[in-house]
Amino acid sequence: METDHIETDGTGTAPDLVTVPARQGLEAVDIIRRAAAPTAVGPVLHDGSDDTLGFLVPPGTADGWDLPGSACTHTAGRGLRIDDPGPAEGPEWLLPPDTADQVTDPEVLRAALGEAARLIEAADQLTR
């Protein structure tokens, strides 16, 4: 998922971006919303061309992110402006930002992505 410029609060501190396959990401969004609250999920980008979802997480998350099947990258200097509705082509907001400093807690996301992977694996086993 490529973006041009993401800023949160005008201080130059940009969130990191956790990218996962869309199926797993959609499951994770549902898991977080059911377990915590709808506001527990920060902005989420959907890239239909890559079939991925990107979760905005706090700056610095990429330094310690190690969840197989996902990637976490620093966005500083690349991406969308957080107050931009999205480009005409490319990634679009699945869950647009409500506030400039809203992000998803990386530990909550990590747990939800793990649960989503287990649910998907179980569902796939049933259809074989």
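- Of the charged side-chain nitrogens involved, at least one lies within less than 4.0 Å of a carboxylate oxygen, so that D66 and R110 count as a salt-bridged pair.
- A continuous path of hydrophobic side-chain contacts links L67 to V44 [ILVMFWY only; heavy atoms under 4.5 Å].
- Among all heavy-atom pairs drawn from P21 and G69, the shortest one is CD-O, 3.5 Å.
- The minimum heavy-atom distance between A116 and E27, with the atom names listed, is CB-CB, 3.5 Å.
- Looking only at side-chain heavy atoms (C-beta outward), L17 and V57 stay at 4.5 Å or farther from each other.
- Smallest separation of non-hydrogen atoms from P106 and W65: O-CZ3, 3.8 Å.
- H46 has its side chain out of reach of P91: every pair of non-hydrogen atoms, C-beta onward, lies at least 4.5 Å apart.
- Using a 4.5 Å cut-off on side-chain heavy atoms (C-beta onward), D16 and T73 make no contact.
- The neighbour count for E121 CD, taken as heavy atoms of other residues, nucleotides or ligands under 6.0 Å away, does not exceed 12.
- Side chains of T61 and L109 form no contact here, defined as non-hydrogen atoms less than 4.5 Å apart.
- Looking only at distances, no side-chain donor or acceptor of E92 sits under 3.5 Å from a matching main-chain atom of L45.
- For the residue pair V29 and L95, the shortest heavy atom distance occurs at CG1-CD1, 4.1 Å.
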Checklist line | Test side chain to side chain contact (heavy atoms under 4.5 Å, CB included) applied to R23 and D51, step by step | finding: CA-CA 8 Å; R23 184 177 177 199; D51 200 26; over 6 Å; no
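- When every heavy atom of A28 is checked against every heavy atom of F55, the shortest pair comes out as CB-CZ, 4.4 Å.
- Counting heavy atoms from C-beta on, the side chains of P58 and P15 never come closer than 4.5 Å.
- Members clustered with I120: none, using a 4.5 Å side-chain heavy-atom cutoff among hydrophobic residues.
- By the salt bridge (Lys or Arg N to Asp or Glu O under 4.0 Å) test, R118 pairs with no residue at all, sequence neighbours left out.
- From T19, atom OG1 reaches atom CG of D50 across 9.0 Å, with rounding to the nearest 0.5 Å.
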Next item on the list: Starting from the C-alpha separation in whole Å, work towards a yes-or-no answer on side chain to side chain contact (heavy atoms under 4.5 Å, CB included) for L113 and V20.
Entry: CA-CA 9 Å; L113 289 171; V20 297; 3.8 Å; yes
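- Across all their heavy atoms, I31 and A112 have their closest contact at CD1-O, 3.6 Å.
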